[in-house]
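This report concerns only the one structure given below.
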Protein chains: 2
Amino acid sequence: MHNIQVAETWTIAELATEYDVTLRTIRFYEDRGLLTPERRGTVRVYHPRDRVRLALILRGKRLGFSLDEIATIVDMYDTAPGEEGQLVYLLAQIAHRRADLEQRRADLEQTLTDLAEVEARCQADLDALRTRRG
Amino acid sequence: MHNIQVAETWTIAELATEYDVTLRTIRFYEDRGLLTPERRGTVRVYHPRDRVRLALILRGKRLGFSLDEIATIVDMYDTAPGEEGQLVYLLAQIAHRRADLEQRRADLEQTLTDLAEVEARCQADLDALRTRRG
DNA sequence: CTTTACGTTTACGTAAGCGTCAAGCACAGA
DNA sequence: TCTGTGCTTGACGCTTACGTAAACGTAAAG
């Protein structure tokens, strides 16, 4: 008897604990159109798609994007194939995002480099201090 | 006749146009303790140190750090050599920052990878569309 | 049948990061 | 002396991204 892939679902609390965010946060993201869980009666039911989107949203947040920016990014991932105009537009958006991300990467690398330098200086000072003290 | 290095200074407007921020923003950063320009009478006079700090602040912003976080980062750069406790603390801060930045880098790389995949799919769809149309 | 757990909406509160006046001083040129 | 230009300090306003009750529904457990 092999595994039958049943489309798994989650409650809001399950997602909240899994990703360590509050219920309020998840509902807020829905309010902003970032998540669209199913409704069974009044209760929210989250599908794998929602779960993936939440993960993407949080990654976007860690990168410092605003929710509006995140919305456009996340929507790129599951835009329907669509017609030519759509595709061209999407490709342009992607190019724009990539440029943004590469700027960030440059900033990030530079900051890490700077930090390493400060650290070295700092460590040298500390070593000198301890040597002198014997 | 060689160049004599005169400590150059800037007005608030000069810095603002150079870094493309508003006067309000620069004053706000001062209010938050991020900048400490000299005062000649009531007027602010910015020295090279302030200019560097402003650049660091803006880079921090591009990376999505809060001003509070930026404050601790920027202050690392020009903390006096100090005594052992200070140095140890500073090294810990640096380690913490580095961990944060490396998490960001991972997120960033993953996002770029994802984006590349979406782009490829998108481009393929577009090509197919154009081929079919002949 | 009541408690407990878990969900819901509505709505006001808040911290961050500035924007945007308002009102005033100082100095340079016509 | 008037006008303009650039600087100053308040001080209120606005948006984002939630926190934090309040008040209520529902379903299983004791």
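Proteins come first, then strands; the chains are lettered A, B, ... in the order of their sequence lines, and each starts at number 1.
Residue contacts for B:R32: at a heavy-atom cut-off of 4.0 Å it reaches the sugar-phosphate backbone alone, with no base atom in range. Among the atoms of the strands shown, only primed sugar atoms or phosphate atoms (P, OP1, OP2) are found under 4.0 Å from some heavy atom of B:R39.
Applying the 4.0 Å criterion to OP1 and OP2 of D:dC18, one finds that A:Y29 has a side-chain N or O inside that range. Close to C:dT8, at under 4.0 Å from its OP1 or OP2, lies a side-chain N or O of A:R44. Of the side-chain N and O atoms in A:T11, one or more sit less than 4.0 angstrom from OP1 or OP2 of C:dG7. Of the side-chain N and O atoms in A:T42, none sit less than 4.0 angstrom from OP1 or OP2 of C:dT9.
The NZ atom of A:K61 sits 8 Å away from the C1' atom of D:dC18 (whole-angstrom rounding). For B:L58 and C:dG17, the CG to C1' distance is 13 Å, given to the nearest whole Å.
Checked against C:dC18, D:dA17, D:dT20, the side chain of A:R24 finds its nearest nucleotide in D:dT20. Among the nucleotides C:dG19, D:dC7, D:dC18, the one closest to the side chain of A:F28 is D:dC18.
Salt-bridge check for B:E8 with B:R51: failed, with every basic side-chain N at 4.0 Å or more from each acidic carboxylate O. Salt-bridge formation is detected for the pair B:R97/B:D100: a Lys NZ or Arg NE/NH1/NH2 atom is positioned less than 4.0 Å from an Asp or Glu carboxylate oxygen. A salt bridge links B:D78 with B:R53: at least one charged nitrogen is closer than 4.0 Å to a carboxylate oxygen.
Comparing A:D68 and B:E30 against DNA chain D, the residue whose closest nucleotide sits nearer the 5' end is B:E30.
The base of C:dT9 does not come close enough to the side chain of A:R27 for any donor and acceptor atom to sit less than 3.5 Å apart.
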